There are 2 protein chains.
Amino acid sequence: MRYLTTGQLAKEAGVNIETIRYYERRGLLPKVPRRASGYRQYPPDMVRRIRFIKHAQALGFSLKEISELLSLRLDKNTPCYEVKRRAEAKIKDIEEKIENLKRMKKALARLTSACSGKGTVLDCPILEALDN
Amino acid sequence: MRYLTTGQLAKEAGVNIETIRYYERRGLLPKVPRRASGYRQYPPDMVRRIRFIKHAQALGFSLKEISELLSLRLDKNTPCYEVKRRAEAKIKDIEEKIENLKRMKKALARLTSACSGKGTVLDCPILEALDN
DNA sequence: CTTGACCCGGTACCATACTACAGGGTTTAT
DNA sequence: ATAAACCCTGTAGTATGGTACCGGGTCAAG
């Protein structure tokens with residue numbers, strides 16, 4: 001079985017079948033060729049694309065931003081400097097996210113170490129994180 | 001001026017005034033004392049709390065999860081080991097997010113370096129990021 | 001002591017990202 | 001060859017996280 005139907009793809013990727021069709025409408029998945037019956041024919045590696053979308057969402061990217069990430073592929077229609085500019089902007093976004101996560105982690109780590117010794121502690125260090 | 005009104009707090013924190021009341025309803029902000037007129041009286045450091053919420057959201061935490069993070073404060077009603085356990089679970093979440101972001105960043109960096117050299121590249125490296 | 005800017009609760013509406021369902025056709029295993 | 005299990009489009013409904021508006025009361029500067 002070379003190609004996956006919509007339902008098989010959904011199952012493989014661990015999402016609802018409607019999500020697949022929704023992503024196609026949103027342009028996050030390409031419009032793949034159909035059988036004579038109208039059934040979509042997905043190449044098996046489309047699973048990776050859906051998983052990518054799901055992971056990126058968990059990292060705080062909107063579907064619109066994920067579209068942008070996915071469109072950062074090099075083709076003959078997009079000039080090289082443009083792709084590069086967009087990719088670099090995204091890298092900056094990502095670096096900021098990483099910094100914020102590190103601050104959060106630090107605050108939580110401080111909390112746990114404060115916690116490990118005694119039975120109770122008075123104040124909460126967590127709010128100290130992420131104060132710009 | 002010791003206390004902030006809802007509007008002042010919103011302005012300081014850079015959010016809509018309705019958001020403040022919404023967060024109160026959701027339990028993300030405490031029910032603060034009121035003036036005789038019914039006006040809320042916020043201590044100035046409540047600004048930090050709102051900023052924390054906003055940052056955490058941008059990192060992919062839902063308001064529900066942020067509630068959980070905020071409830072990781074040590075009080076006499078929560079046993080220490082429980083707070084610790086929850087904080088450590090959140091730290092693990094955060095570490096995973098950081099790892100995923102690093103993978104994404106790496107993929108994008110590879111894309112930009114591929115771009116600077118030649119004219120075109122065939123496949124999209126970003127999908128390789130975040131493949132579990 | 002008024003007038004414009006603010007606050008109140010309550011309700012309704014909005015965008016995003018799905019999810020369900022209706023009504024109909026298709027595939028596949030028995 | 002027929003029933004269960006699938007797919008199609010289109011439309012409607014849901015959850016989350018706000019945002020807007022209403023009718024009314026409050027505050028503070030002139």
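Within every chain, numbering begins at 1; the chains are lettered A, B, ... in the order of the sequence lines, protein sequences first and strands thereafter. These numbers were taken from a predicted model, which means no experiment stands behind them.
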Sub-4.5 Å side-chain heavy-atom contact between A:Arg21 and A:Arg25
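They are in contact (side-chain heavy atoms under 4.5 Å apart), so the answer is yes.
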
Considering all heavy atoms, the nearest A:Ile91-B:Lys105 contact
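For A:Ile91 and B:Lys105, the tightest heavy-atom pair comes out as CG2-CG, 4.0 Å.
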
Atom [atom1] in [X], atom [atom2] in [Y]: separation rounded to 0.5 Å?
X	Y	atom1	atom2	value
A:Thr5	A:Arg35	OG1	CZ	7.0 Å
A:Arg48	A:Ile50	CZ	CD1	12.0 Å
A:Glu12	A:Tyr42	CD	OH	14.0 Å

Nucleotide [N], atom [atom2] - distance to [atom1] of [X] in whole Å:
X	N	atom1	atom2	answer
B:Glu24	C:dC7	CD	P	14 Å
B:Lys11	C:dC7	NZ	C1'	15 Å
A:Tyr3	D:dC6	OH	P	23 Å
A:Gln8	D:dC8	CD	P	11 Å
A:Arg34	C:dT26	CZ	C1'	14 Å
A:Ile17	C:dC21	CD1	P	14 Å
B:Ile20	C:dC8	CD1	P	10 Å
A:Ile66	C:dT16	CD1	C1'	12 Å

So does [X] get a side-chain nitrogen or oxygen closer than 4.0 Å to the phosphate oxygens (OP1/OP2) of [N]?
X	N	value
B:Arg40	C:dC8	yes
B:Thr5	C:dC6	no
B:Thr6	C:dC8	yes

Under the 6.0 Å and 45° cation-pi test, does B:Lys90 pair with B:Phe61?
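So B:Lys90 doesn't make the cation-pi contact.
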
Sugar-phosphate atoms are those with a prime plus P, OP1 and OP2; base atoms are the rest. Using that split, label each nucleotide of nucleotides 13-29 of chain D B, S or - for protein heavy atoms under 4.0 Å, 5' to 3'.
----BBBBB---BBS--

Go through it in stages, so that I can follow the logic: the residues are B:Arg86 and B:Ser71, the test is side chain to side chain donor-acceptor pair (under 3.5 Å), and I'd like the CA-CA distance, side-chain angles, deciding distance and then a yes or no.
CA-CA 10 Å; B:Arg86 274 151 58 192; B:Ser71 70; 3.0 Å; yes

